[in-house]
2 protein chains.
Amino acid sequence: MAGQRRQPRSRPETLARRRDIVDAAVEIFGSKGFTGGTLQEIADQVGMTHAGILHHFGSKHALLLEVLTHRDETDVADLEEQHIPDGMPLFRHLVRTAFINAHRAGIVQAYVVLSAESVTDDHPGRDFFQKRYESLRGEIAHAFAVVCAERGIDEPETIGYASAAILAVMDGLQVQWLLDPSAVDLGRATEFAIEAIVDSVLSPAPSPLAE
Amino acid sequence: MAGQRRQPRSRPETLARRRDIVDAAVEIFGSKGFTGGTLQEIADQVGMTHAGILHHFGSKHALLLEVLTHRDETDVADLEEQHIPDGMPLFRHLVRTAFINAHRAGIVQAYVVLSAESVTDDHPGRDFFQKRYESLRGEIAHAFAVVCAERGIDEPETIGYASAAILAVMDGLQVQWLLDPSAVDLGRATEFAIEAIVDSVLSPAPSPLAE
DNA sequence: GTCTATAAGTAGATAGAC
DNA sequence: GTCTATCTACTTATAGAC
C-alpha cells in the first residue's frame, strides 16, 4: 500500500538528480536531524528550490525513507550489503568498519542522530531502525553460532546478549566520539570492546562483579 | 556570563510550579525530542499557556538546560549525585541502574533522544552532554584504577577504552530496547557486557580476532 | 523538471492587561 | 504569576506558469 514505483523512473538525468538530493539530505538530516533539517536547506545545497525536492520525492517523510534505504555505498555498518562475512571474519569486519567510520563523521552522525530520533513517537524512521537492528543482531548471532560450531563448543545462551551489546558499543562509542573526537579513539575502543565481548562468549569467565 | 541566578527565586509556590514544568518538559522532550517538542505541549500538560512557561524560564533553550541539569531524583545513571560508589561497587551499581531503567522508559527515552540530538550543529545541550560523558568516563576509569590497586596489578592502558565502552553499551542497549523492548533484555544484556569488559581489563586475554 | 506564488499551519517570543 | 493577543518567522505542501 505504501511507496513502490521503481521501474517507471529510469531516465538517467533524473536518477542522477535524485542521487544528488539524497546525498544532500544525508548531510542536512545528519547535521540537523530529521525534524530540525528543512527541505529549504537541502534544496539550497543541491541548487534548487524546495518545490523541486517535493517534485521528486513527494514529501519530506518519503525523502527520509529514501535516505535510510538507499544509502548505497556510503553506509555505516555495511553488513546487509554485498557478501557479508560470517563467523569470525564478521567481527573483524565490524572492527574495520569502526576504523573506517572514524574518517566519515558525516554519515556516522546521520545514523546516530536518526536512529535515536527514531525512538520518538510516530517517527517515520522507527520501523526502519527497528527492523535494521533486528536484522543486524541476527547476523551477529549467526556469526557466533558459526564460530562455536567451528570450535566444537555448545552455543552459550549469552549469544543474544552479546549480539545486542556489540551493536550497542559501536553506536554508543560513535555518540561519544562525535561529541569529542579527541577524547575517544573510535577504532581502538570498538576493537577493545568487541574483543572483550567475543572472548567472553567463547571463554566464559566467572563474573568479576560477584561479591 | 551565562545563566546564574539561584538565590532570588525562593518562593515555595513558584518553585513547585517550576518543578511541574520541568517534569512536563522531560516527558515532552523525551517523547518528541527538543526540536520536535513544543512549549505548547508542555504548557498543556501542566495546565497553563506557553507564555507562562516563558515567564518562568525565559526561553525554550533555557528550559532544556534546566531539564538536563536539574533532573534531581529522576536520573538515568545517577553517578554524579550523592555518594558515588567507587571501585568494584561502581560496576555493580551501573548494572543495577540498567535493571532499574528497564522500568523507566520515559526518562531513558529522554536521555537517549537528547544525547543523540545534542551532536547536531549548535545544539543547546551539546556542552552538557560533552562534559557529562567526560565526567562519567573519568569516574569509571577511577573505579578501574581502584580495583587494580586493590589487587596489586598494574593499570592496563585499556582502561580508557573500557570506560568509554561501558557507557557506550549502556546507551546503545537503551536505543535497541526502546525500539523493541521484547527483543532486548536491558538489564541482563548490560550485565553481560559490563562483566565482559571488566573481566577483559583485569584478565587480559589474547585477541580472539587474531587470524 | 524546475520555477514562482501562495496556502495553511505552527513555532518561539514579546507586550501589556488582570 | 498567568493570561490574551499579537508579531515575526519559518515550516511543508500545493497550484499552476514556463
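Below, read A as the first sequence line, B as the second, and so on, with proteins coming before strands; counting in each chain starts at 1.
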By ring pair (Phe, Tyr, Trp, His ring centres under 6.0 Å), which residues pair with A/F128, not counting sequence neighbours? none
Could you grab the distance from atom OG1 of B/T49 to atom CG of B/D44, nearest 0.5 Å is fine? 9.5 Å
Whole-Å distance separating the NE2 atom of B/H55 from the C1' atom of D/dT2: 8 Å
Hey, does the side chain of B/R11 come within less than 4.0 Å of D/dG1's phosphate (OP1/OP2), counting only N and O? yes
I need a per-nucleotide contact map over nucleotides 4-18 of chain C, read 5' to 3'. Cutoff is protein heavy atoms under 4.0 Å; write B for the base, S for backbone only, - otherwise. B------SSBB----
Atom pair distance, as rounded to whole Å: CG in A/L15 and P in C/dG1: 10 Å
Atom NE2 of A/H56 to atom C1' of D/dA13: distance rounded to whole Å? 16 Å
ring-ring contact (aromatic ring centres under 6.0 Å, His included) pairs touching residues 27-51 of chain A, sequence neighbours excluded, are A/F29-A/F34, A/F34-A/H123
Nearest-Å distance for atom pair CZ/P, residues B/R18 and D/dT2: 11 Å
Nearest 0.5 angstrom please: B/I42 CD1 to B/E27 CD, how far? 10.0 Å
Expressed in angstrom and rounded to an integer, what is the separation of A/I53 atom CD1 from C/dG1 atom C1'? 12 Å
Using whole Å, report how far CD1 of A/I28 lies from C1' of D/dT11. 15 Å
Verify the distance criterion only: is there a donor paired with an acceptor across the side chains of A/Y133 and A/D171 at less than 3.5 Å? yes
Cut-off 3.5 Å, side chains only: do B/T38 and B/E41 have a donor facing an acceptor? yes
